[in-house]
Engineer: 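For reference, the structure I am asking about is given below.
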2 protein chains.
Amino acid sequence: MATGRTHRPATRSRGIPEATVARLPLYLRALTALSERSVPTVSSEELATAAGVNSAKLRKDFSYLGSYGTRGVGYDVEYLVYQISRELGLTQDWPVVIVGIGNLGAALANYGGFASRGFRVAALIDADAAQAGKMVAGLPIRHTDELESIIADNLVSIGVIATPAGAAQEVCDRLVAAGVTSILNFAPTVLSVPDGVDVRKVDLSIELQILAFHEQRKAGEELGEAVATARKAVKRPGSDGDVPAVMPV
Amino acid sequence: MATGRTHRPATRSRGIPEATVARLPLYLRALTALSERSVPTVSSEELATAAGVNSAKLRKDFSYLGSYGTRGVGYDVEYLVYQISRELGLTQDWPVVIVGIGNLGAALANYGGFASRGFRVAALIDADAAQAGKMVAGLPIRHTDELESIIADNLVSIGVIATPAGAAQEVCDRLVAAGVTSILNFAPTVLSVPDGVDVRKVDLSIELQILAFHEQRKAGEELGEAVATARKAVKRPGSDGDVPAVMPV
DNA sequence: CCATCTTTGTGCACGCGTTCACAAAGACAT
DNA sequence: ATGTCTTTGTGAACGCGTGCACAAAGATGG
């Protein structure tokens, strides 16, 4: 995970392990690529390589969905694409709202991977009244005041939070109160939500810090601190509680 | 994670479990907030709540770093901030390059959480010659041709890939050849790298698909498919192999 | 129809991560 | 100094995830 996932007691949803669910999109992407090249069938070995996982793991993952393979041949690409899509709920239309249209929010709004997977950006919401009405990615920015009605009118159940850290919890509370039950959080804060609401977290800063940890270790072990001391050591300038004007990722 | 992490055989780096390393930045953030409020000490219970984890887990995590707590009192906030920062390598200066300055790349360049953690954006690199020289976040966009020299001149060991999926592997190869040993990948592709290079992956599309899976499950169980059928089902429009003009996240 | 060969599906064992529960340690008051 | 009270640090048990290794299944050729 690079991505941080949030406190889920590793619930086994409908018999499908959480770890498997997290890999299904990976398989789906690899299968879609094969489908475009009109490849009819694929073995677990080939597909596993394409998805960057172990072939035994892949076969076990698929076994949770049912027996869709043919021994001696492999898996039917088209059929598997359909089954995984259905399992993930991608055959439905999922309206999504993005709250916080700063640099990141705008980038997300322009993201091409949305529509192709059944996700549809229903509305863009920002607290800055001066931004209201401005067009981003073909949609007008709406003011936060309209949040509740937008959620209700569009039957939105998935919300994306791309606000500064300080505003995230309040936005989260309002989204949940309005009926949103799944939240993707880009703000660097721990969100508290009632039971029944899923939160997933994406935190660039954390990912970089994890990389730095291993990087430091590599430099220390392999080069005898040579590189480490070459980089000029700096004392920590400050913190990042509420990031100012700039959009936190 | 939400964040997708990439094939790391759960190596235990220097005795500190990978899962613990992934939580250290979380603790650090909570501690930094306490430090700003001039809170001198904190108990494992309080800190665990603030970081959204179990208190026993937090204590065990800290025990891998050494015994920094005082029984009956708790942990010294400032001291712990320093220890974790040092453990994560944040007392060093980490120059970072961002390759692919589309919507997302620009958002990352403007991200405020970089500098505050010892990460410094050394350069922005894009393949589009027409973009070269344009200023983003106070830095000029440099052309891909300069990639190797930029890496070498700045002793860069961490690279961020925010290019379209089709370009990611080539960029990755060049970064690695130039000396980069840690990569944060935002492109929706599986990157293959030699041993000794760390890759972490952030994939918005995957996070949303995981949310959709649970959302579908909730709707199916609790509302008896009512909502599910209310949303108009759509057939999948297409795939996302190489996303066209728009920046993939 | 039978033999052979490929590939799936899974039983099993192992290791990591999480959590409980408690003993040890130290602060603090008397 | 002694007792009480709070909180840490960790031993131990449990559960999930992973990967090996193999038997069963089916395709394919003779």
Engineer: Rounded to whole Å, please give me the gap between CD in A:Glu18 and P in D:dT18.
Structural biologist: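 That distance rounds to 12 Å.
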Engineer: Please check: side-chain N/O of A:Ser85 versus main-chain N/O of A:Val81, any donor-acceptor pairing under 3.5 Å?
Structural biologist: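 Answer holds: yes.
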Engineer: Going by modelled atom types, is there a donor-acceptor pair between the base of D:dT8 and the side chain of B:Arg71 at under 3.5 Å?
Structural biologist: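 It does, because a donor-acceptor pair links the side chain of B:Arg71 to the base of D:dT8 below 3.5 Å.
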Engineer: What nucleotide among C:dG9, C:dT19, C:dG26 has an atom nearest to a side-chain atom of A:Ser67?
Structural biologist: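 Given the options C:dG9, C:dT19, C:dG26, the side chain of A:Ser67 is closest to C:dG9.
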Engineer: What's the NZ-C1' distance between B:Lys57 and C:dC16, to the nearest Å?
Structural biologist: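 Nearest whole value for this atom pair: 13 Å.
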Engineer: Within residues 72-79 of chain A, which residues have any heavy atom lying less than 4.0 Å from an atom of DNA chain C?
Structural biologist: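 Heavy-atom contacts with DNA chain C come from A:Gly72, A:Val73, A:Gly74, A:Tyr75.
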Engineer: Tell me: CG of B:Asp61 to C1' of C:dG17, nearest whole Å?
Structural biologist: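 Result: 10 Å.
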Engineer: Taking salt bridge (Lys or Arg N to Asp or Glu O under 4.0 Å) as the cut-off, I'd like each qualifying pair that reaches into residues 42-59 of chain A, sequence neighbours left out, listed once.
Structural biologist: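 Listed once each, the pairs would be none.
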Engineer: Please list all pairs meeting ring-ring contact (aromatic ring centres under 6.0 Å, His included) that have one or both residues in residues 28-62 of chain A, counting only residues at least two apart or in different chains.
Structural biologist: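 Applying ring-ring contact (aromatic ring centres under 6.0 Å, His included) to every pair that reaches into residues 28-62 of chain A, excluding sequence neighbours, yields A:Tyr27-A:Phe62, A:Phe62-A:Tyr75.
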Engineer: Taking CD1 from B:Ile16 and C1' from C:dG17, how many angstroms apart are they, rounded to a whole number?
Structural biologist: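 Atom CD1 in B:Ile16 sits about 15 Å away from atom C1' in C:dG17.
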Engineer: Checking B:Ser182 now: which residues fulfil side chain to side chain contact (heavy atoms under 4.5 Å, CB included) with it, not counting sequence neighbours?
Structural biologist: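 Once residues adjacent in sequence are excluded, the partners of B:Ser182 under the side chain to side chain contact (heavy atoms under 4.5 Å, CB included) criterion are A:Leu211, A:Glu215, A:Lys218, B:Ile158, B:Asp198.
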Engineer: OP1 or OP2 of C:dT7 versus the side-chain N and O atoms of A:Ser44: is any pair under 4.0 Å?
Structural biologist: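 No.
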Engineer: Which residues satisfy the salt bridge (Lys or Arg N to Asp or Glu O under 4.0 Å) test with B:Arg23, sequence neighbours excluded?
Structural biologist: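 With sequence neighbours excluded, B:Arg23 shows a salt bridge (Lys or Arg N to Asp or Glu O under 4.0 Å) to B:Asp61, given in chain and number order.
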Engineer: What's the CG-P distance between B:Leu65 and D:dT8, to the nearest Å?
Structural biologist: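 Taking atom P of D:dT8 as the reference, CG of B:Leu65 is at 15 Å.
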Engineer: Can you name the residues that form a side chain to side chain contact (heavy atoms under 4.5 Å, CB included) with B:Gln169, not counting sequence neighbours?
Structural biologist: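 Partners of B:Gln169 under the side chain to side chain contact (heavy atoms under 4.5 Å, CB included) test: B:Cys172, B:Asp173, B:Leu191, B:Ser192.
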Engineer: Whole angstroms only, please: what is the CG-C1' distance between B:Leu58 and C:dT19?
Structural biologist: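 Spelled out: CG on B:Leu58 to C1' on C:dT19 is 14 Å.
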Engineer: Rounded to whole Å, please give me the gap between CZ in B:Arg23 and P in C:dC16.
Structural biologist: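 Distance check: B:Arg23 CZ to C:dC16 P gives 15 Å.
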Engineer: Of all residues at least two apart in sequence or in a different chain, which pass the side chain to side chain contact (heavy atoms under 4.5 Å, CB included) check with A:Ala48?
Structural biologist: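 Partners of A:Ala48 under the side chain to side chain contact (heavy atoms under 4.5 Å, CB included) test: A:Val53, A:Ser55, A:Leu58.
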Engineer: What is the distance from CG of B:Leu47 to P of D:dT7, rounded to the nearest Å?
Structural biologist: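 For the pair B:Leu47 CG and D:dT7 P, the rounded distance is 14 Å.
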Engineer: At 4.0 Å (heavy atoms only), tell me whether A:Thr20 reaches a base, stays on the sugar-phosphate, or touches nothing.
Structural biologist: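 Answer is nothing: A:Thr20 stays at 4.0 Å or more from every strand.
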Engineer: Ignoring hydrogens, what is the shortest heavy-atom contact between B:Ile84 and B:Leu28? Give both atom names and the distance.
Structural biologist: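 Closest heavy-atom pair between B:Ile84 and B:Leu28: CG2-CB, 4.1 Å.
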Engineer: Using a cutoff of under 3.5 Å, can you pull out all pairs of nitrogen or oxygen atoms linking the protein to nucleotides 20-22 of chain D, with atom names and distances?
Structural biologist:
| unit_1 | atom_1 | unit_2 | atom_2 | d |
| --- | --- | --- | --- | --- |
| D:dA21 | N6 | A:Arg59 | NH2 | 3.3 |

Engineer: What residues form a side chain to side chain contact (heavy atoms under 4.5 Å, CB included) with A:Tyr79, not counting sequence neighbours?
Structural biologist: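 Partners of A:Tyr79 under the side chain to side chain contact (heavy atoms under 4.5 Å, CB included) test: A:Tyr68, A:Asp76, A:Gln83.
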